[in-house]
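All of these numbers come straight from a predicted model, not from anything done at the bench. All heavy atoms count here, side chains included; hydrogens, waters and symmetry mates do not. In listed order, ligands and their atoms are each counted from 1.
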Amino acid sequence: MSSKSICFFNHKGGVSKTTTAYNIGWALSKLGKRVLLVDLDPQCNLTGLVLSNKALDDDFMASFYRDRQYITFEPIVEKIIAGNNAEDLARDGSVYPVDNENLFLLAGSLNISELDSQITTALKITTGVPILGRIIENFFSTLEKIAKNNDIDYLLLDLSPSISGLNELALMESDYFIVPTSPDYFCLQAIHSLSKKIIQWHAEIEQFKQTTKIRIKNKPMFLGAIQQRYRLRNEAPTKSFEKWIDEIRQTINNVFVKQLNEIGCVIDENKFHNAVSSCFPNLSPYDLAQIPDFNTLIAISQRSKKPVFLLDDKDLSDAKQFGSAKETSENKIKDFYELFMKLGQVIVNLT
Ligand SMILES: Nc1ncnc2c1ncn2[C@@H]1O[C@H](COP(=O)(O)OP(=O)(O)OP(=O)(O)O)[C@@H](O)[C@H]1O
Ligand SMILES: [Mg+2]
């Protein structure tokens, strides 16, 4: 069976796209799925989360890219920009294993921004420049080949916070997408402009397909939004955050979903309800999950190279947590474990 691709996208920065892709990757892998985390952001945060301190070591990173023990974006980008396909890399390279038999990383690199400029130009100039057309053709097919050769069930694509050509192509080639949100005004603003942008991209790609005869899926299905990082008081989001959460939910349903339905890019509401209600009975469409603030656990998680919900006794002791503070953390870890396993199951149900 071929792999399923899911983008984590919101052009608003800092809404937890990378962290959520990482956590869901771990959750799906714990549910027995083979997952490839794809770092498509030149900031390389996802790569940094996986490699931790090693990503800060210039010598390590130079040999990580150069030695080619694992396939990374750096050579892929070079080949694709030169107008070649990267089939040999896809065929011969294995992807980096993330301390877990089912989870892998396709590491990002800085030169992804060069690919981004090329793709942006290619999508605007639809005739007469064959090399640009080849860039478009080779980009996603390379990812699909890598997935196939490594028996991947899910490709999780972490996008940068921008509306560039690379994000346009990655989104429009993917099967599904999830929109992480934060409970604030800027995010609400972003949801309004995001649906306009996706409609525009859809039309642009349709036009591009017609003139070039290049195959692009152009039908990413919206799976839902993830409400992120509200402060809990007595187990419910505080009033001021609840207001933004409600407003964002309404905008997603009344504006975003309505517009995307016109181009057939939303998962059916009944299907959504059936998939989500068994795991999260209190959520209404299109909320996939509500994720509270990780507080101190996020700092421990980044040091331990593990998601917050898999931190163990040793991780807490190494972080100098003892007594009641440790007990509080242990309880939170259990809650987060349950939350992310359910979220993983919801995604499996929906896809
Ligand atoms: N639930 C959470 N609780 C606490 N901190 C969080 C949570 N989710 C994410 N963070 C933190 O918020 C910051 C932004 O998260 P992240 O980098 O995942 O967002 P992003 O949307 O990928 O950002 P960018 O737009 O720059 O790519 C990071 O410091 C991350 O550790
Ligand atoms: Mg990010």
Side-chain angles (χ1 to χ4, degrees), residues 6-27 37-53 55-56 73 105-110 112-113 116 156-164 166-167 170-171 177-184 186-191 193-194 197 225-233 235-238 241 244-245 248 287-311 315 319 328-329 332-344:
I6 308 177
C7 274
F8 290 78
F9 185 51
N10 186 339
H11 58 314
K12 164 86 184 74
V15 292
S16 200
K17 295 178 284 295
T18 303
T19 310
T20 308
Y22 178 74
N23 287 340
I24 289 179
W26 272 90
L37 299 169
V38 181
D39 190 351
L40 273 178
D41 182 351
Q43 296 183 98
C44 300
N45 292 154
L46 186 57
T47 304
L49 261 188
V50 169
L51 298 177
S52 191
N53 282 347
L56 303 175
F73 261 115
L105 169 75
L106 180 55
S109 76
L110 213 52
I112 285 181
S113 59
D116 199 350
L156 302 187
L157 284 73
D158 181 30
L159 271 47
S160 69
S162 75
I163 46 169
S164 63
L166 178 69
N167 283 359
L171 183 72
F177 70 109
I178 289 173
V179 178
T181 67
S182 56
D184 62 34
F186 296 154
C187 185
L188 181 62
Q189 236 184 335
I191 299 296
S193 54
L194 191 57
K197 199 70 225 173
I226 296 185
Q227 302 277 6
Q228 196 74 224
R229 290 189 70 184
Y230 48 83
R231 311 231 168 236
L232 282 181
R233 211 175 48 201
E235 299 309 309
T238 53
F241 284 117
W244 289 118
I245 290 174
I248 288 171
D287 279 357
L288 269 182
Q290 293 196 337
I291 300 177
D293 198 312
F294 300 137
N295 290 312
T296 51
L297 292 181
I298 186 79
I300 304 174
S301 141
Q302 289 179 354
R303 286 244 169 267
S304 310
K305 298 205 284 176
K306 280 182 209 164
V308 286
F309 57 89
L310 290 177
L311 294 174
D315 300 318
T328 307
S329 290
K332 281 201 178 150
I333 292 167
K334 271 193 212 122
D335 291 347
F336 281 123
Y337 183 84
E338 205 180 310
L339 174 66
F340 276 99
M341 285 304 136
K342 282 185 185 170
L343 179 51

Neighbouring residues of ligand 1, heavy-atom cut-off under 4.0 Å: G13, G14, V15, S16, K17, T18, T19, D41, Q43, P161, Q228, R229, P292, D293, F294, I298, Q302
Electrostatic pair K334:E338 at N-O distance under 4.0 angstrom: no
K12: salt bridge (charged side-chain N to carboxylate O under 4.0 Å, His left out) partners, not counting sequence neighbours: none
Test side-chain contact (heavy atoms from CB on, under 4.5 Å) applied to F8 and L159, step by step: CA-CA 6 Å; F8 290 78; L159 271 47; over 6 Å; no
Metal site the Mg ion (ligand 2): N/O/S of N45 inside 2.8 Å: no
Under the salt bridge (charged side-chain N to carboxylate O under 4.0 Å, His left out) test, residues paired with K197 that sit two or more places apart: none
Considering all heavy atoms, the nearest Q228-T181 contact: CB-O, 2.9 Å
Please tabulate, one pair per line, all N/O donor-acceptor pairs under 3.5 Å involving side-chain atoms of residues 42-53, not counting sequence neighbours.
from: Q43; atom 1: NE2; to: D41; atom 2: OD2; distance (Å): 2.8
from: T47; atom 1: OG1; to: D39; atom 2: OD2; distance (Å): 2.6
from: T47; atom 1: OG1; to: G108; atom 2: N; distance (Å): 2.9

